[in-house]
Amino acid sequence: GAGVSQSPSNKVTEKGKDVELRCDPISGHTALYWYRQSLGQGLEFLIYFQGNSAPDKSGLPSDRFSAERTGGSVSTLTIQRTQQEDSAVYLCASSFLLITYEQYFGPGTRLTVT
Amino acid sequence: QQQVKQSPQSLIVQKGGISIINCAYENTAFDYFPWYQQFPGKGPALLIAIRPDVSEKKEGRFTISFNKSAKQFSLHIMDSQPGDSATYFCAASSNSGGSNYKLTFGKGTLLTVNP
């Protein structure tokens, strides 16, 4: 079946612009996670969604970062007023948490802020 | 505070040899320990995972060894192949205290298997 998909695969933006990154989880997966992968920080958790519960935003690095999940499926990560330190690969993962702890990752969006 | 420490940073093994990557954790609430394999330009792919109620889990050429008292776990790749050349990440998670099984990753090990 189809895995987690993310778009765009690459995004180059100017400092100060806003960007939106999209994640389509595996169909039926109730949990959705966003992670960031950078050379300096490695892989780090950003935000978590599970069903209709309030999201866990504890990993968001600043208030310029926000995310939403519509209809329990697609999620969008928004970064406002991008900075050069936001350059990284943004990864989305989904899981059927009621059954298993396994998280399956998408291919990521490589964000470059110039 | 780095909660999952992974070593070595890089590893070179000959084809047919055994690759061993080690991880240590600090948070005793962790109860799920997966390993991920990542090729350049791709997302991490789940390789194998273990819960703390067992000391070893084997899937094909991949084995996780788990030592709860030492808070350590390791990945062994038997009969390593050039196609195994990738970056490997250990991770840990729990649902304790509302952690929601978010993954805490090690820094990664770049494995090169020479033909």
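This structure is a prediction, so every number in the text was calculated from the model and none was measured. Just so it is clear: chains get the letters A, B, ... in the order the sequence lines come, proteins before strands, and each one is counted from 1. Atom set for the values below is all heavy atoms of this structure, side chains included, hydrogens, waters and symmetry mates excluded.
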> What pairs meet the side chain to side chain donor-acceptor pair (under 3.5 Å) rule with one or both residues in residues 33-42 of chain B, with sequence neighbours excluded?
Replying inline: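 Side chain to side chain donor-acceptor pair (under 3.5 Å) check on residues 33-42 of chain B returns A/Q37-B/Q38, B/Q37-B/Y88.
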> What pair of heavy atoms forms the shortest contact from B/P44 to A/L43, and how long is it?
Replying inline: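 Shortest heavy-atom separation between B/P44 and A/L43 comes out as CG-CD1, 4.5 Å.
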> Of the non-hydrogen atoms in A/Q103 and B/L46, which two are nearest, and what is the gap between them?
Replying inline: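 Closest heavy-atom pair between A/Q103 and B/L46: O-CB, 4.3 Å.
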> Atom OG of B/S93 and atom CZ of A/F45: how far apart are they, to the nearest 0.5 Å?
Replying inline: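 Interatomic distance, B/S93 OG to A/F45 CZ, rounded to 0.5 Å: 11.5 Å.
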> Can you list the steps and then say if B/Y101 with A/Y48 is a side-chain contact (heavy atoms from CB on, under 4.5 Å)?
Replying inline: CA-CA 9 Å; B/Y101 286 105; A/Y48 157 83; over 6 Å; no
> Within residues 47-71 of chain B, which positions have a heavy-atom distance to chain A below 4.5 Å?
Replying inline: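 Heavy-atom contacts from residues 47-71 of chain B to chain A are B/R51.
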If hydrophobic clusters are built from ILVMFWY residues whose side chains come within less than 4.5 Å, do [X] and [Y] share one?
X     : Y      : result
A/Y35 : A/I47  : no
A/I79 : A/V89  : no
A/Y33 : B/F105 : yes
A/W34 : A/V4   : no
A/Y90 : A/I26  : no

> Quick one: hydrophobic cluster around B/I20, which other residues, with the 4.5 Å side-chain cut-off, linked directly or via members?
Replying inline: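 Joined to B/I20, directly or through intermediates: B/I18, B/M78.
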> Between B/L103 and A/F105, is any pair of side-chain heavy atoms under 4.5 Å apart?
Replying inline: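 A side-chain contact exists here, since the closest heavy-atom pair is under 4.5 Å.
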> Using a heavy-atom distance cut-off of less than 4.5 Å, which residues of residues 56-67 of chain A contact chain B?
Replying inline: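 Listed by number, the contacting residues are A/D56, A/S58.
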